[in-house]
2 protein chains.
Amino acid sequence: MESIASENFIKTLYHFHHVQGKDTKPGSIARELGITSSAATDMARKLSLKKLIQYEKYKALKLTPSGEKMALNILRKHRLWETFLHQVLGLSMHEIHREAELLEHQTSDFLAEKISLYLGNPEKDPHGDPIPNAKGWVNNDDGSIPLAMAHVNHHYFISRLSGSDKEFFDFCHSSHLIIGSLIRVNKHYTINQMIEIEVNNTRLILNKVFAQMIHVKREKE
Amino acid sequence: MESIASENFIKTLYHFHHVQGKDTKPGSIARELGITSSAATDMARKLSLKKLIQYEKYKALKLTPSGEKMALNILRKHRLWETFLHQVLGLSMHEIHREAELLEHQTSDFLAEKISLYLGNPEKDPHGDPIPNAKGWVNNDDGSIPLAMAHVNHHYFISRLSGSDKEFFDFCHSSHLIIGSLIRVNKHYTINQMIEIEVNNTRLILNKVFAQMIHVKREKE
DNA sequence: AAACAAATTTAAGTATACTTAAAATAAAAA
DNA sequence: TTTTTATTTTAAGTATACTTAAATTTGTTT
Ligand SMILES: [Mn+2]
Ligand SMILES: [Mn+2]
Ligand SMILES: [Mn+2]
Ligand SMILES: [Mn+2]
């Protein structure tokens, strides 16, 4: 069994690699986890001895197959908890991540199965992120793109809301931007990188930060 | 925020003092938690600096008021989780303690309230143990006694089953010994400390270990 | 290509939570 | 009461997960 610190490190590395496609060195993980670079380097060397990551000085970190398996196991628990807390206990979108971030480390595979079963083996969490299955398989590429990349005059539906703070979700909720909402892209403002969309017959102007957090998918399929 | 090790220590001390009425020195806690006496002495001194326990060399340990408050906060989370895991997710009696023992340390007061609310603010957990309320109040003395202490020819109902292993609960279940079951005490065997009871028109002979784990209450009230 | 800036690594040190082994003390037995 | 036994404490040491500060390496700019 790995420590909470190790699990968070591995999960963050997975996230940077698979979701953001970043070239991840210890410094990025350190920034994300709120620790110093030296602590992250230390941890990288330790996890490398356990064959969970590949580590070469000054090079980007990479998960080994067993490290990736571990990351997916934790991610599964994280997303199952988020789904459960939201659907069953009624926690809000901005509350679930915070709680799941802790619970994910104290959840046996046995308990994870019980939660999954109770929820009917869901495939997406409340943010629209895919839940890895018990064998550690997940499809990360569902064809959605950040709203910031969407084309003018095309229609999309919202597939993911990848934020964790209250303000973002308050804004989304009050603007009818929820998963499944249909939108149309009106215009990109190149100078300040804002984007104008139409949702529910209302025009809305979003800044780039939010337009990166909202992911959309073409209407087809 | 206290560490998992501190929380388990405090909770164990509370348990020994309030439930078993023991004169608790570091050694007992060490035995319970599977650590060495020296580790427990260390921890006792550290918690004493934080004013969570009273510690004097070679004397029994005692929780301070703030230590007791902390113990009750963790105990509340433990028992809420047990109730939730049993009632909602359908985990068996022998599975809930194991999982709750971990989850209790990663549960915010906020989440505990949500769980409590969802369950209808229960007052007892599946073992029949009282759940401290959000303010940290609990009634530990519900008038129940270990079956081993019960009087011959009296009728009782089962109020608590304080075990955590599968064999005990399998036995209880197959013998119709569940919380609320009505029983009658037939005889005490002084020589081997067995006890004979009648439940569901069946005579049953229990050894002392089980008779200590099963708590009963007089029919009245 | 050299100089500068930024990031990473190493070195040294801290707090927590343990361990084993020895010393001190308390409790029980003779 | 003395001796023996059991328990508790102290001492010394380990692993984890961090810290700050200095050294090294890399990336960028001139
Ligand atoms: Mn986490
Ligand atoms: Mn999520
Ligand atoms: Mn615990
Ligand atoms: Mn219980």
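First the proteins, then the strands, lettered A, B, ... as listed; each starts at 1. It should be emphasised that the depicted structure is a prediction, and the values quoted were computed from it without experimental measurement.
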ask   = Any side-chain hydrogen bond (donor to acceptor under 3.5 Å, both in side chains) pairs touching residues 56-65 of chain B, not counting sequence neighbours?
value = Thr64(B)-Ser66(B)
key: Set of salt bridge (Lys or Arg N to Asp or Glu O under 4.0 Å) partners for Lys50(B), sequence neighbours left out   = Glu2(B)
request  = Taking salt bridge (Lys or Arg N to Asp or Glu O under 4.0 Å) as the test, write out the residues that go with Asp170(B), two or more places apart.
outcome  = Lys166(B)
Residue list, side chain to side chain donor-acceptor pair (under 3.5 Å) with Asp165(A), at least two apart or on another chain = none
Which pairs would a plain distance check flag for residues 82-102 of chain A, meaning a side-chain donor or acceptor within less than 3.5 Å of a matching protein atom at least two apart in sequence or in another chain?
from      : atom 1 : to        : atom 2 : distance (Å)
Glu82(A)  : OE1    : His127(A) : ND1    : 3.0
Glu82(A)  : OE2    : His78(A)  : NE2    : 2.8
Glu82(A)  : OE2    : His97(A)  : ND1    : 3.3
Thr83(A)  : OG1    : Arg79(A)  : O      : 2.7
His86(A)  : ND1    : Leu91(A)  : O      : 2.8
Ser92(A)  : OG     : Glu95(A)  : OE1    : 3.2
Glu95(A)  : OE1    : Ser92(A)  : N      : 2.7
His97(A)  : ND1    : His78(A)  : NE2    : 3.1
His97(A)  : NE2    : Glu101(A) : OE1    : 3.3
Glu99(A)  : OE1    : Ser108(B) : OG     : 3.1
Glu99(A)  : OE2    : Ser108(B) : OG     : 3.0
Glu101(A) : OE1    : Lys11(A)  : NZ     : 3.2
Glu101(A) : OE2    : Lys11(A)  : NZ     : 3.2

ask   = salt bridge (Lys or Arg N to Asp or Glu O under 4.0 Å) with Asp42(B): which residues, sequence neighbours excluded?
value = none
Residues in salt bridge (Lys or Arg N to Asp or Glu O under 4.0 Å) contact with Glu32(A), at least two apart in sequence or another chain = none
query = Along nucleotides 4-10 of chain C, 5' to 3', which nucleotides get a B, which get an S, and which get a -, given that the test is a protein heavy-atom distance under 4.0 Å?
reply = ----SBB
remark   = First and last nt of DNA chain D near chain A, cut-off under 4.0 Å to heavy atoms, 5' to 3', are dT16(D) to dT26(D)
